[in-house]
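For reference, the structure discussed in these notes is given below.
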Amino acid sequence: MVMVIMVLKTDMKSTKSVWADIDALCVAPRHVERIDFFQSFFEKLKLHEEIKDLRAVEDAFVPVIKFKFDGIEIDLLFARLALQSIPDNLDLRGDCILKNLDIRCIRSLNDGTLGEQMAEQMMVLAENVCKVNPSDRYHLMPIITPAYPQQNSTYNVSTSTRTIMTEEFKHGLSITDEILQGKAEWSKLFEPPNFFQKYK
């Protein structure tokens, strides 16, 4: 038996509740290999007419199969557990389930359960700057995930992208100050940005 966990992400560019994409996690027992997921399963997905833009990204930091189903973008991750079968009531949040797993499976499980854990914690976002891994000191904008194993979720931030984010944070602060001083309405803070025109 294979378990699939899905996390829905909303479109932040709209005030309406519009589903932008679905993050799904395929959890398999030990006899299902990663190659099965990215080859034979991938070939089966090709046979479905509803699936468009199908592609496998095996060399990503978190390997994934990406596709559109009925116009909805789906990221499907894979994790192989050291279990003979996958029970219906399996709790993936326990640290013990991750012991002795392939690092790619750990990352997939971390990504797949992170949204669920954050929702249960009332969407508390925390930045942790105390890091154990010495190599992490070279990261420019460390934000550590709360799920085990704790890792930097912003490992790919560069100097230029950090500058862009900092400018946007300052812009948001400036608008908020105007609102608090009565010079602008709250609607100004939620005006759609021209992000793709501004940043190539």
Side-chain angles (χ1 to χ4, degrees), residues 5-25 53 55 57 60-64 66-77 92-93 95 98 106-200:
I5 296 173
M6 293 187 291
V7 177
L8 300 175
K9 300 199 306 193
T10 56
D11 186 349
M12 299 304 290
K13 294 182 289 186
S14 172
T15 55
K16 296 180 180 178
S17 180
V18 179
W19 296 121
D21 66 355
I22 295 176
D23 289 347
L25 171 64
D53 300 333
R55 60 200 185 280
V57 190
F61 184 76
V62 181
V64 61
K66 293 177 168 282
F67 58 92
K68 287 184 180 179
F69 185 87
D70 196 24
I72 300 173
E73 293 184 9
I74 297 178
D75 288 353
L76 184 58
L77 309 176
L92 295 173
R93 294 166 298 180
D95 295 352
L98 302 177
I106 292 175
R107 288 171 182 161
S108 295
L109 284 165
N110 196 7
D111 273 23
T113 59
L114 181 57
E116 183 182 353
Q117 289 194 20
M118 290 175 67
E120 289 186 358
Q121 295 172 17
M122 309 261 320
M123 297 305 291
V124 174
L125 302 177
E127 179 175 343
N128 183 352
V129 294
C130 299
K131 312 181 80 179
V132 178
N133 190 347
S135 65
D136 289 345
R137 68 169 60 105
Y138 301 109
H139 293 156
L140 298 175
M141 187 180 170
I143 298 177
I144 311 304
T145 61
Y148 174 88
Q150 287 75 22
Q151 58 188 349
N152 182 16
S153 62
T154 54
Y155 58 88
N156 58 351
V157 170
S158 64
T159 302
S160 60
T161 54
R162 183 180 63 176
T163 300
I164 291 171
M165 286 187 281
T166 302
E167 289 175 356
E168 292 298 324
F169 294 149
K170 289 178 180 177
H171 178 64
L173 177 61
S174 175
I175 294 174
T176 304
D177 285 341
E178 289 182 22
I179 295 168
L180 295 177
Q181 294 171 19
K183 298 178 181 178
E185 299 294 327
W186 279 106
S187 57
K188 184 176 180 180
L189 188 63
F190 299 100
E191 290 177 357
N194 60 341
F195 184 88
F196 293 104
Q197 288 76 33
K198 189 175 180 181
Y199 303 110
K200 297 179 181 180

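Position 1 is the first residue of the sequence; numbering continues from there.
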Inset, instruction - Assess whether side-chain contact (heavy atoms from CB on, under 4.5 Å) is satisfied between Asp23 and Leu77, documenting all intermediate values. - result: CA-CA 8 Å; Asp23 289 347; Leu77 309 176; over 6 Å; no

Inset, instruction - Start with the C-alpha gap between Glu191 and Ile175, add the side-chain angles, then the distance that decides, and say whether side-chain contact (heavy atoms from CB on, under 4.5 Å) holds. - result: CA-CA 11 Å; Glu191 290 177 357; Ile175 294 174; over 6 Å; no

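Interatomic distance, Leu180 CG to Leu173 CG, rounded to the nearest 0.5 Å: 9.5 Å. Distance check: Asn156 CG to His139 NE2 gives 9.5 Å after rounding to the nearest 0.5 Å. In this structure, CZ in Phe169 is found 11.5 Å from CD1 in Ile164, a value given to the nearest 0.5 Å. Atoms CG and OG, from Leu140 and Ser160 in turn, are 9.5 Å apart once rounded to the nearest 0.5 Å. Within the model, atoms OG1 of Thr176 and NZ of Lys188 stand 10.5 Å from one another, a figure rounded to the nearest 0.5 Å.
Evaluation of the side-chain hydrogen bond (donor to acceptor under 3.5 Å, both in side chains) rule for Glu167 yields no partner, not counting sequence neighbours. Under the side-chain hydrogen bond (donor to acceptor under 3.5 Å, both in side chains) criterion, Thr154 pairs with Asn152, not counting sequence neighbours. Residues satisfying the salt bridge (Lys or Arg N to Asp or Glu O under 4.0 Å) test with Asp70, not counting sequence neighbours, are none. Evaluation of the salt bridge (Lys or Arg N to Asp or Glu O under 4.0 Å) rule for Lys170 yields no partner, not counting sequence neighbours. A search for ring-ring contact (aromatic ring centres under 6.0 Å, His included) contacts involving Phe61 returns Tyr155, not counting sequence neighbours.
Nearest heavy-atom pair, Ser108 versus Pro63, reported as atom, atom and distance to 0.1 Å: OG-O, 4.3 Å.
Of the residues Val64, Val62, Leu25, the one that meets the side-chain contact (heavy atoms from CB on, under 4.5 Å) test with Asp75 is Val64.
Heavy atoms of other residues, nucleotides or ligands lying less than 6.0 angstrom from CD of Glu185 number 12 at most.
The salt bridge (Lys or Arg N to Asp or Glu O under 4.0 Å) contacts involving residues 149-166 comprise nothing, where partners must be two or more places apart or lie in separate chains.
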